[in-house]
Amino acid sequence: MTTPVHDPVEGTAAPRRPLRALVAGSVGNFIEWYEFGVYGYFATIIAANFFTPDGGSDVEALVKTYASFALAFFFRPVGAAVFGRLGDRMGRRPTLIVVILLMTGATTLIGLLPTYATLGAAAPWLLTLLRVVQGLSAGGEFGGAVSIMTEFAPPGRRGLYGAWQSFTVALGLLAGAGMAALLATVLTGPELDDWGWRLPFLLTLPLGLAALWLRLKLEETPSFRRTRTGPPEKEGRPPAVTPPPAPARQVAKAIVLGAGRLMGWSAAGYTFLVVMPSYLQSTLNASFQQALVATVLANLGFAASILPAGALSDRIGRRAVMVTGAVLVAVLAFPLMHLLQDAGSSTASKSLAVFAAGAAVGLMAGPGPAMLSEMFPTSVRYTGLGLAYALSNAVFSGCAGLIITEAIKRTGNIDIPAHYVVVTCAVSTLALLTLRGDDHRRALRD
C-alpha cells in the first residue's frame with residue numbers, strides 16, 4: 001500500500017516538495033553568482049580585452065570594467081520590480097523559468113563576444129548590454145528563489161532553508177574562483193588573456209539547461225496558491241477572506257529598511273569575496289594566483305558559516321546572529337587590511353585572517369534571506385524582498401569595486417576597503433537592531 005502525497009494547500013506537507021524547491025531555487029542562484037564571481041576574478045583580463053583603447057592606462061581600464069560591473073547591478077532593482085510583479089501575480093514558477101533563460105543566454109554570449117581589438121568601440125558597448133540583461137535577470141532571481149525556499153520550508157526551519165540561497169552564493173563564487181585558478185594553472189598567460197577567459201562563461205550553457213529542467217518540474221508554492229484560491233473551507237466554518245494588499249507606503253518603507261539591514265552584508269561580501277583579487281593585484285602587487293588563493297580562503301570561510309548561521313537564527317532569532325556578524329566584520333576590517341599589507345606577515349596568519357573575515361560575513365548572509373521573507377506578505381513578497389536585496393546590492397555591492405578602485409587612485413590611501421566596510425556595517429547594525437526578537441517564530445504572512 002502506497003502512502004499518498006498530500007497537497008500542502010490542504011494543510012499537510014509533501015516531504016519531497018521542500019527539497020525540490022530548495023534545489024530548483026539554489027541552482028539558478030549558483031549560476032548567477034558563479035558568473036558574477038568569474039567577471040570579478042577576470043576583471044583585469046576583461047579590462048585589457050574590452051576597455052583599453054590605445055593610450056589608456058591599466059587603472060583606467062579597470063575602472064571602466066567595474067563601471068560596467070556596477071551598471072549591471074543598477075539594473076537589478078528594475079529586474080526585481082518587473083519580475084517581482086510577475087511573480088506575485090502569475091506565480092513563482094513561470095517567472096523563475098523566464099529568469100533562468102535570460103541569465104543563461106546573456107552569460108553564454110559574453111563568452112562568444114569579440115574583443116575591442118576585433119570589433120572596435122562596439123565591443124565594450126555590447127559587453128555592457130549583456131551585463132544589463134544579466135542585471136535584469138539577476139534582479140528577478142533572488143526574490144523568486146527565496147520565496148519558494150521559505151514558503152516551502154517546514155516550521156522552525158525557515159532560516160536554514162533561506163540560508164541555502166546565500167550558501168549557493170558562496171558555492172558559485174568558489175566555483176568561479178576554482179575555475180579561474182584552474183585555467184591560470186593549466187594555461188599560459190597569453191592563452192588565458194586571448195581565449196582562456198571565455199571558457200567559464202561558456203560553461204554556463206549546460207548549467208543553465210540543467211537549471212531549466214529542474215524549474216520546469218517545480219510546483220507552485222502553497223503560500224502563493226492560497227492567495228489565489230483561499231484556504232480550504234471546513235464544515236461549520238465560514239470561508240476565510242484573503243487579506244487585502246499591503247499599502248504601497250508600508251511596502252516601500254519595508255523595502256528601504258530591508259536594504260539598510262543588508263547594507264553591511266552587501267558591502268563586506270563584495271569587498272572581501274569578489275573585489276579582493278583586483279585589490280591585491282593592482283594595489284599590493286600580488287600575483288594572479290596569490291590573489292585567487294586569498295579569495296578562495298575568504299569564500300571558504302563564508303561558505304562554512306552560512307548554514308550554521310541560518311540554523312542558529314531559527315533558534316535564537318535573526319537579529320542576534322546578524323548583528324554579531326556586522327559587528328565582527330567592522331572590528332576585523334582594519335586589522336585584516338594591515339595584515340595583508342604587511343610583507344612580513346606569515347602566509348598562515350594571512351590565510352586565517354581572510355577565512356575569518358569571510359566567516360563573519362556569513363553570519364549576516366545565513367539568516368538574511370529568511371529575515372527579508374518575514375518582512376513582506378505573500379502578495380508582495382517576491383517584489384518586496386527582491387527589491388530590498390537588489391537596491392542594497394546595486395548601491396553597496398555593484399559600486400564596491402568602482403568606489404574602492406577610484407578612491408585609492410585619487411587618495412593613495414590603501415585602507416579604503418576597510419573604511420568602506422566599517423561605515424556600511426555600522427549603519428547596517430543600527431537597522432538590524434530594529435528587528436523583533438521573535439520574528440523567526442511567527443508564520444509567514446499571507
Side-chain angles (χ1 to χ4, degrees), residues 27-52 61-62 64-73 75-76 79 98-141 168-169 171-213 274 277-278 288 291-292 295-296 398 401:
V27 68
N29 197 62
F30 172 86
I31 294 170
E32 172 196 340
W33 289 94
Y34 162 80
E35 187 282 330
F36 271 82
V38 165
Y39 191 90
Y41 303 142
F42 284 106
T44 52
I45 295 176
I46 292 172
N49 277 291
F50 288 91
F51 294 99
T52 309
L62 190 58
K64 289 179 179 178
T65 304
Y66 277 129
S68 173
F69 196 70
L71 183 63
F73 269 93
F75 274 88
R76 283 187 171 210
V98 174
V99 164
I100 198 66
L101 287 171
L102 283 175
M103 186 187 303
T104 302
T107 304
T108 303
L109 287 174
I110 288 179
L112 300 172
L113 197 62
T115 62
Y116 193 98
T118 302
L119 201 60
W125 285 107
L126 287 174
L127 175 62
T128 301
L129 176 62
L130 291 174
R131 296 293 298 166
V132 166
V133 174
Q134 286 179 319
L136 290 171
S137 60
E141 172 67 26
T168 50
V169 171
L171 292 183
L173 293 174
L174 280 169
M179 178 60 68
L182 176 64
L183 292 174
T185 302
V186 301
L187 298 178
T188 64
E191 288 173 336
L192 192 63
D193 294 342
D194 184 28
W195 55 268
W197 65 270
R198 298 180 182 275
L199 298 179
F201 294 97
L202 296 176
L203 182 60
T204 303
L205 182 58
L207 292 174
L209 292 176
L212 176 63
W213 179 77
V274 176
S278 295
F288 185 62
L292 278 174
T295 307
V296 167

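Everything numeric in this text was worked out from a predicted model, so none of it was measured.
- In terms of heavy-atom proximity, P114 sits nearest to A123 at O-CB, 3.5 Å.
- Side chains of T115 and T118 form a contact here, defined as non-hydrogen atoms less than 4.5 Å apart.
- Although no hydrogens or angles enter the test, the distance criterion places no donor-acceptor pair under 3.5 Å between the side chain of R131 and the main chain of A106.
- Taking CE of M103 as the start and CD1 of I100 as the end, the distance is 5.0 Å to the nearest 0.5 Å.
- Heavy-atom minimum distance, F30 versus A175: CZ-CB, 3.6 Å.
- Scanning all heavy atoms of the two residues, the minimum distance from S137 to V99 falls at O-CG1, 3.2 Å.
- For the pair T104/L207, no side-chain contact is recorded, criterion being any heavy-atom separation below 4.5 Å from C-beta on.
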Less than 3.5 Å apart, which donor and acceptor atoms pair up between the side chains of residues 178-188 and the rest of the protein, not counting sequence neighbours?
residue: T185; atom: OG1; partner: A181; partner atom: O; Å: 2.8
residue: T188; atom: OG1; partner: E191; partner atom: N; Å: 3.3
residue: T188; atom: OG1; partner: E191; partner atom: OE1; Å: 3.3

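- One N or O on the side chain of Y34 and one on the backbone of P200 form a donor-acceptor pair closer than 3.5 Å.
- A donor-acceptor pair under 3.5 Å is formed between the side chain of N49 and the backbone N or O of I45.
- Side-chain contact between L136 and L102 is absent, with no heavy atoms from C-beta onward closer than 4.5 Å.
- Salt bridge annotation for R76-E141: absent, with no cationic side-chain nitrogen under 4.0 angstrom from a carboxylate oxygen.
- By the 4.5 Å heavy-atom criterion applied to side chains, F75 and V133 are not counted as neighbours.
- For the atom pair CZ (F50) and CD1 (I110), the distance works out to 8.0 Å, reported to the nearest 0.5 Å.
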Exercise for review: Kindly indicate, with the supporting measurements, whether the criterion side chain to side chain contact (heavy atoms under 4.5 Å, CB included) is fulfilled by F42 and L192.
Suggested key: CA-CA 10 Å; F42 284 106; L192 192 63; 3.9 Å; yes
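- The only member of W33, F201, W197 that meets side chain to side chain contact (heavy atoms under 4.5 Å, CB included) when paired with V38 is F201.
- Rounded to the nearest 0.5 Å, atoms CG (L199) and OG1 (T204) are 11.0 Å apart.
- When side chains are defined from C-beta on, T168 does not count as touching V27, because their heavy atoms never get closer than 4.5 Å.
- Between the CG atom of L129 and the CG atom of L113 there is a distance of 9.5 Å, given to the nearest 0.5 Å.
- Applying the salt bridge (charged side-chain N to carboxylate O under 4.0 Å, His left out) test to every pair with at least one member in residues 178-187, sequence neighbours left out, gives no pairs at all.
- Going from atom CD1 of I46 over to atom CG of D193 covers 11.5 Å, rounded to the nearest 0.5 Å.
- From W195, atom CH2 reaches atom CG of L202 across 11.0 Å, with rounding to the nearest 0.5 Å.
- If you check the side chains of T107 and Q134, you find a donor sitting under 3.5 Å from an acceptor.
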